[in-house]
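Comments concern the structure below.
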Amino acid sequence: PVLLVPGWGNSGPDHWQTLWQANEPDWLRVQQRDWERPGAVAWLAAIDELVSGLAARPVLVGHSLGAIAIVKWAAIRKGKAAGAFLVAPVDVEALNCPSELRPFAPIPRRAIPFPVHVVASHNDPYVSLARAAAFAASWGAAFTDAGDAGHLNGDSGHGPWPEGRALLEEFL
């Protein structure tokens with residue numbers, strides 16, 4: 001199974017996660033109690049609850065804060081997933097990080113015990129390319145440089161994001 005893990009604010013109607021799920025009705029989506037005031041404990045519990053209810057280990061597809069939540073969850077629940085596809089992982093340790101996201105710091109810096117692929121861009125306002133690449137290296141992840149692609153969301157022009165879907169299909 002594929003499990004979508006949106007970031008802060010959820011993924012709106014023009015976000016690639018929402019558009020991909022519309023074409024894949026069997027894909028699941030983590031639901032959070034509060035998308036605007038994220039709490040690390042609650043967010044990780046929501047991932048764990050959904051994963052624990054599955055018969056097979058899922059591939060987790062996270063964007064932004066969702067990607068960081070997956071990494072934190074993986075540090076606790078070693079081996080409970082088949083893989084993780086992490087897009088634009090927000091740097092919750094950066095000085096300019098919104099205060100609502102700081103409860104997710106620190107970011108784990110150890111190998112994740114299942115295959116991981118990270119996608120990041122040169123001009124993402126929430127993570128530098130160098131930091132995203134360093135995160136990927138510490139997690140033992142494959143890394144894709146998406147060029148000047150902003151935060152890889154609907155606001156940066158990545159609605160259906162076919163290039164990302166092709167990367168995910170290759171990863172799967």
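What's counted below: heavy atoms across the whole structure, side chains too, no hydrogens, waters or symmetry copies. In this chain, numbering begins with 1 at the start of the sequence shown. Note that this is a predicted model, so its numbers are computed, not measured.
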Single-linkage hydrophobic cluster, 4.5 Å side-chain cutoff, Phe143 and Leu172 together: no

Between Val119 and Trp8, is there shared hydrophobic-cluster membership here, with clusters defined by ILVMFWY side-chain heavy atoms closer than 4.5 Å? no

Strictly by side chain to side chain donor-acceptor pair (under 3.5 Å), give each pair with a member in residues 96-115 just once, sequence neighbours left out. Glu93-Arg109

Report the residues that fulfil ring-ring contact (aromatic ring centres under 6.0 Å, His included) with His15, sequence neighbours left out, ordered by chain and then residue number. His63

Hey, mind stepping through Arg29 and Thr18 against side chain to side chain donor-acceptor pair (under 3.5 Å) and telling me if it holds? CA-CA 9 Å; Arg29 185 187 200 101; Thr18 302; 3.2 Å; yes

Mind telling me whether Phe114 and Trp73 have parallel, tilted or perpendicular rings, with 30° and 60° as the class edges? tilted

Hey, what's the ring geometry for Phe85 with Trp161, parallel, tilted or perpendicular (30° and 60° as the breaks)? tilted

Ser121 and His151: side chain to side chain donor-acceptor pair (under 3.5 Å), yes or no, with the steps? CA-CA 7 Å; Ser121 112; His151 195 48; over 6 Å; no

Above 12 or not: heavy atoms from other molecules or residues under 6.0 Å from CD of Gln31? yes

Count the heavy atoms of every other residue, nucleotide or ligand shown that sit under 6.0 Å from CZ of Phe135, and state whether that count exceeds 12. yes

Hey, are Glu170 and Arg165 close enough for a salt bridge, meaning a charged N less than 4.0 Å from a carboxylate O? no

Less than 6.0 Å separating the ring centroids of Trp35 and Trp43? yes

In the structure I gave you, are the side-chain heavy atoms of Val61 and Trp16 within less than 4.5 Å of one another anywhere? yes

Taking every non-hydrogen atom, the tightest pair across Ala149 and His158: O-CE1, 3.1 Å

Report the distance from atom OG of Ser11 to atom CD of Gln21, rounding to the nearest 0.5 Å. 9.5 Å

